[in-house]
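Working notes, beginning with the structure itself.
Computation of the quantities below employed the complete heavy-atom set of this structure, encompassing side-chain atoms and omitting hydrogens, waters and symmetry-equivalent molecules.
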Amino acid sequence: MDQTEKLLIGIENILSVASDLVQEVDRLKCVEEECQILKERLFLKQLMSSEQDIFALALDGHSVREMQDTLFKEENTIKTQRRSILQKLNVSSMKEAIDFYKNTTQTSSQNFTNYHQEIFQKLVKTS
């Protein structure tokens, strides 16, 4: 076997390993996305379903009034549920709760958007 053949075999081996690495990186990206989604869901599990609805709307920047219109609930009910969320998350404002959620879940913006839009769509369907 001459030098050229040895080089070609070496290059083929390197390309094969590179291809395997690319596939492994893709697999790990999928695993990371799945982990982030699970973190989000685990985070939200500490909230009751109605609180999750409120939190999803808060993530979208909805006011208490807009939450009332969307959820067909009284202002006091919305405010009580917001206070409950703040207590459960041990924070003093909804902004702090949202920041805490984002930091805790380290969510990519696409997954973050997809999950809370999924909750919002559920709300719209039941309205």
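Scanning all heavy atoms of the two residues, the minimum distance from Ser50 to Gln81 falls at OG-NE2, 2.9 Å. For the residue pair Ala58 and Ile98, the shortest heavy atom distance occurs at O-CD1, 3.4 Å.
Take Glu75 and apply the side chain to side chain donor-acceptor pair (under 3.5 Å) test, not counting sequence neighbours, and it matches Lys79. For Arg83, the side chain to side chain donor-acceptor pair (under 3.5 Å) partners two or more places apart in sequence, or in a different chain, are Thr80. Evaluation of the side chain to side chain donor-acceptor pair (under 3.5 Å) rule for Asp99 yields Lys95 as partners, not counting sequence neighbours. Partners of Phe43 according to the ring-ring contact (aromatic ring centres under 6.0 Å, His included) rule, which considers only residues two or more places apart in sequence or in another chain, are Phe100, Tyr101. For Val31, the side-chain contact (heavy atoms from CB on, under 4.5 Å) partners are Arg27, Cys35, not counting sequence neighbours. Scanning for side-chain contact (heavy atoms from CB on, under 4.5 Å) contacts around Lys45 gives an empty result, with sequence neighbours left out. Residues meeting the side chain to side chain donor-acceptor pair (under 3.5 Å) test with Lys39, sequence neighbours left out: none. With sequence neighbours left out, Ser19 forms a side-chain contact (heavy atoms from CB on, under 4.5 Å) with Gln23.
Rounded to the nearest 0.5 angstrom, Asp60 CG and Met67 CE are separated by 9.0 Å. Between Ile78 atom CD1 and Glu66 atom CD the span is 11.5 Å, to the nearest 0.5 Å. In this structure, CG in Leu89 is found 5.0 Å from CD in Gln46, a value given to the nearest 0.5 Å. The structure places CZ of Phe55 at 12.5 Å from NZ of Lys88, a figure rounded to the nearest 0.5 Å. From Gln52, atom CD reaches atom CZ of Arg41 across 10.0 Å, with rounding to the nearest 0.5 Å.
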(request) For the pair Leu71 and Ile54, evaluate side-chain contact (heavy atoms from CB on, under 4.5 Å) and give the outcome as yes or no after the intermediate values. (result) CA-CA 9 Å; Leu71 300 173; Ile54 298 289; 3.3 Å; yes
(message) side-chain contact (heavy atoms from CB on, under 4.5 Å), that's the test. Do Met48 and Ser84 meet it? Break it down for me.
(response) CA-CA 10 Å; Met48 294 185 328; Ser84 177; 5.8 Å; no
(request) Test side-chain contact (heavy atoms from CB on, under 4.5 Å) on Glu51 and Arg82 and set out the steps. (result) CA-CA 7 Å; Glu51 293 167 342; Arg82 285 173 59 104; over 6 Å; no
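A ring-ring contact (aromatic ring centres under 6.0 Å, His included) check over residues 2-40, counting only residues at least two apart or in different chains, returns nothing.
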Atom pairs and distances, side-chain donor-acceptor, residues 4-18, under 3.5 Å, sequence neighbours left out:
from: Glu5; atom 1: OE1; to: Asp2; atom 2: N; distance (Å): 3.3
from: Asn13; atom 1: ND2; to: Ile9; atom 2: O; distance (Å): 3.4

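Judged by distance alone, with hydrogens and angles left aside, the side-chain atoms of Thr77 form no donor-acceptor pair with the main-chain N or O of Lys73 at under 3.5 Å.
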